[in-house]
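Heads up, the thing below is written out as structure tokens.
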Amino acid sequence: MLGERIKPDYLNDDKIGRVMDELYKYGLNDIFIEVVLEVIKKFKIDLKCSHLDSTSFHLDGEYKREEDKEKQEEEKIIKERPIFIKKGYSRDHRPDLKQCVLDLITSQDGDIPLFVRVGDGNESDKAVFGKVLVEFKKQIKFDSIMVCDSALYGQENLQLIQHLKWITRVPMTIKKAKELVQNIEVEEVKDEDKEKRSDLNLESYTWKEEIVTYGGIKQTWLIVLSEKRQKSDLEKLEKQLSQEEKKSQKFLKEIQSEEFEHPQAARYKLKAINKKLRLLEIKEVELIETYSKKKEKIYKMISLIIKKDEEISRKTKEAGKFILATNLVEENKLEASEILITYKNQQSTERGFRFLKDPLFFTDSFFVEKPERIETMLFLMSLCLLIYNLGQRELRNCLKRVKKGINNQVGKVTLRPTLRWIFQCFQGIHYVILNGVKQIVNLTEERRFILSLLPASCQRYYL
């Protein structure tokens with residue numbers, strides 16, 4: 001479908017397929033890294049921070065392949081074998097379909113893609129993220145702080161990347177993290193700090209730092225409380241409690257009306273019901289021995305609903321809190337506000353994934369038979385993302401230099417328009433021949449201003 005929409009008349013599906021096969025043989029990663037290094041050098045991309053995340057792309061079709069050699073290659077991140085199209089955890093909410101995974105590293109400066117890897121559909125982020133960062137460091141040698149979500153945080157990965165600088169989120173499954181969130185109180189914001197936090201858009205955050213050693217690595221843990229998230233979490237807790245109260249009343253009525261042959265059967269049923277409840281519990285008050293209408297001995301349970309106060313209290317204390325970790329301590333130590341701001345910019349990769357999955361890009365699903373061609377397609381799409389974000393970055397930098405914004409979709413002046421909006425702005429321009437006179441219509445002053453910020457190769461089409 002993608003090929004049919006964009007290919008020139010002189011190309012057919014066979015030719016496109018052969019070109020993709022040649023690109024795959026040449027080495028997709030080598031091509032991409034070569035382009036990235038040239039872009040970094042020419043456009044002076046700031047590489048202080050880089051962000052890693054992954055997404056999945058679902059595919060239609062069987063994609064049956066022999067997988068006997070899979071284990072031989074499982075330790076390699078840049079694989080010599082093609083990817084395996086399999087079912088796995090679906091970010092597309094299509095668990096019924098097979099898929100592949102895309103790992104993407106972007107710069108904080110302009111969201112420029114720096115590294116791309118296509119993986120098997122069933123691979124786990126926890127298993128590969130550490131190896132991806134090590135491979136990235138081998139491919140592009142520079143001193144960058146690597147930012148990642150909690151999938152990176154594990155003892156094996158921390159040992160693997162101990163020579164790198166990193167910021168990540170701590171999973172709340174770790175015992176030490178649970179204890180800190182429950183027991184530690186975040187610091188009150190001093191009056192002199194409130195204005196500073198407001199300037200950084202951090203006025204709704206408070207935090208406290210702790211020095212922790214985990215996985216043999218000394219690190220700073222930042223326990224953060226977000227007021228907005230706390231409010232949202234408490235509202236969700238109230239909603240969950242309300243729903244469980246309705247559910248437990250139904251269960252209570254059910255178990256009190258049922259007749260049991262043995263006391264053990266009643267208690268087994270009660271245990272099964274309580275497994276379905278998280279915040280409430282149905283407790284046995286009395287087990288009455290009586291007789292049925294058929295004069296058979298039966299047992300009936302009298303019970304009541306009680307709240308799990310300890311669990312509710314735990315969730316209330318955890319509301320709005322999360323922990324960030326970094327190995328930048330002592331002489332390399334970052335300010336707490338810088339750690340938080342850097343992690344919040346993890347949306348850099350998410351914006352890239354939205355671009356790749358946008359229906360206007362015609363990549364919401366694939367119609368390619370060979371796994372090799374799927375891998376090639378994803379690399380080509382990532383190159384498109386690189387070009388798009390590079391153009392967007394240059395335009396925004398130009399607007400910042402001239403200190404003049406343009407109107408966005410809702411008519412407000414902005415210094416950070418999306419390149420997609422700029423494309424839409426130029427849709428109303430037409431080339432007209434009237435009475436033998438050639439002219440361009442609807443080239444307004446604002447559009448001329450935008451053109452003045454673009455390269456000469458763009459301007460010559462209109463001016």
Side-chain angles (χ1 to χ4, degrees), residues 87-91 93-96 122 124-126 150-151 153-155 169-186 212 214 221 223-323:
K87 289 183 179 180
Y89 173 66
S90 176
R91 284 83 162 178
H93 307 292
R94 290 301 305 269
D96 56 313
N122 66 338
S124 165
D125 290 347
K126 293 179 181 179
S150 60
Y153 201 88
Q155 295 195 31
R169 186 166 174 164
V170 180
M172 295 311 295
T173 52
I174 294 175
K175 184 179 178 181
K176 178 69 174 177
K178 288 180 180 178
E179 291 173 356
L180 283 175
V181 166
Q182 286 294 314
N183 302 320
I184 204 166
E185 293 294 330
V186 296
V212 174
Y214 182 81
W221 279 17
I223 301 93
V224 184
L225 172 64
S226 165
E227 290 179 7
K228 291 180 181 178
R229 182 171 172 177
Q230 184 183 43
K231 182 180 178 182
S232 174
D233 287 350
L234 290 175
E235 287 174 355
K236 287 178 183 177
L237 182 61
E238 284 295 323
K239 185 177 179 181
Q240 185 183 357
L241 191 57
S242 176
Q243 289 173 343
E244 282 209 3
E245 283 173 350
K246 292 177 183 178
K247 190 190 293 186
S248 59
Q249 287 290 346
K250 182 180 176 182
F251 287 147
L252 181 68
K253 186 177 179 181
E254 179 185 326
I255 199 167
Q256 289 192 146
S257 61
E258 193 167 343
E259 298 176 349
F260 298 97
E261 293 181 3
H262 305 284
Q264 295 87 342
R267 293 186 177 114
Y268 182 82
K269 177 69 178 283
L270 182 62
K271 186 178 179 180
I273 286 175
N274 280 327
K275 283 183 178 180
K276 299 176 183 178
L277 301 173
R278 294 178 179 272
L279 305 176
L280 300 174
E281 182 181 14
I282 299 178
K283 194 163 186 176
E284 176 188 337
V285 175
E286 187 179 0
L287 202 60
I288 300 174
E289 182 182 311
T290 184
Y291 290 90
S292 66
K293 293 179 180 179
K294 296 180 181 180
K295 306 299 181 183
E296 296 174 342
K297 186 189 288 187
I298 59 169
Y299 296 87
K300 299 198 77 173
M301 179 178 284
I302 297 175
S303 49
L304 57 82
I305 300 169
I306 60 171
K307 287 184 178 181
K308 294 181 181 178
D309 292 327
E310 189 176 328
E311 179 67 13
I312 294 171
S313 175
R314 183 184 69 80
K315 284 185 171 291
T316 302
K317 287 180 179 179
E318 287 180 357
K321 291 180 182 176
F322 58 94
I323 300 176

Checklist entry - Looking at side-chain heavy atoms only, is the closest gap between I323 and V224 below 4.5 Å? => result no
Item to check | Ionic contact status for E289 with K297, cut-off 4.0 Å | outcome: yes
Checklist entry - Do R278 and E244 come close enough that some side-chain heavy atom pair is under 4.5 Å? => result yes
Item to check | Pairwise side-chain contact, F260 with K269, heavy-atom cut-off 4.5 Å (strictly under) | outcome: yes
Checklist entry - Using 4.0 Å as the upper bound for N to carboxylate O, is an ion pair formed by K239 and D233? => result no
Checklist entry - If you look at every heavy atom in P95 and S90, which pair is closest and at what distance? => result N-CB, 3.9 Å
Item to check | I302 side chain near L287 side chain, heavy-atom distance below 4.5 Å | outcome: no
Checklist entry - Can you name the nearest heavy-atom pair linking V285 to L304, along with the distance? => result CG2-CD2, 3.5 Å
Checklist outcome for this item: Scanning both residues in full, the closest heavy-atom pair of A177 with P171 reads CB-O, 3.8 Å
Checklist entry - Given E318, which of K315, K321, R314 fulfils the salt bridge (charged side-chain N to carboxylate O under 4.0 Å, His left out) condition? => result R314
Item to check | Note, K126 side chain near Y153 side chain (heavy atom, < 4.5 Å) | outcome: no
Item to check | Side-chain heavy atoms of I305 within contact of E281, under 4.5 Å | outcome: no
Next on the checklist: To the closest 0.5 Å, what do you measure between CD1 (I312) and CG (L241)?
Outcome noted: 5.0 Å
Item to check | Close side-chain approach of Y299 and T290, heavy atoms under 4.5 Å | outcome: no
Checklist outcome for this item: What one should report as the nearest heavy-atom pair of E259 and S292 is OE1-CB, 4.2 Å
Item to check | Backbone of D309 reached by a side-chain donor or acceptor of S313 within 3.5 Å | outcome: no
Checklist entry - Between atom NZ of K87 and atom CZ of R94, what is the distance when rounded to the nearest 0.5 Å? => result 10.5 Å
Next on the checklist: Just verifying a value: how many Å separate Q240 CD and K247 NZ, rounded to the nearest 0.5 Å?
Outcome noted: 8.5 Å
Item to check | Heavy-atom side-chain proximity of K307 to L279 below 4.5 angstrom | outcome: no
Next on the checklist: Nearest 0.5 angstrom please: L237 CG to Q230 CD, how far?
Outcome noted: 11.5 Å
Checklist entry - Is the number of heavy atoms from other residues, nucleotides or ligands within 6.0 Å of CD (E310) greater than 12? => result no
Next on the checklist: Does Y291 form a side-chain contact (heavy atoms from CB on, under 4.5 Å) with E296? I'd like the steps, not just the answer.
Outcome noted: CA-CA 5 Å; Y291 290 90; E296 296 174 342; 5.9 Å; no
Checklist outcome for this item: Interatomic distance, CG@L280 vs CD1@I273, rounded to 0.5 Å, equals 13.0 Å
Checklist outcome for this item: For L270 and I282 the tightest heavy-atom approach is CD1-O, 3.4 Å
Checklist entry - Are I174 and Y214 close enough, and set up right, to give a side-chain contact (heavy atoms from CB on, under 4.5 Å), and what steps lead you there? => result CA-CA 10 Å; I174 294 175; Y214 182 81; 3.8 Å; yes
Item to check | Pair S150-V170, side-chain contact (heavy atoms from CB on, under 4.5 Å): steps then yes or no | outcome: CA-CA 6 Å; S150 60; V170 180; over 6 Å; no
Checklist entry - Between CZ of F322 and CG of L225, what distance do you get to the nearest 0.5 Å? => result 9.0 Å
Item to check | Closest approach of L234 to A319 (non-hydrogen atoms, all atoms of both residues) | outcome: CD2-CB, 3.7 Å
Item to check | Other residues, nucleotides, ligands: >12 heavy atoms within 6.0 Å of Q182 CD | outcome: yes
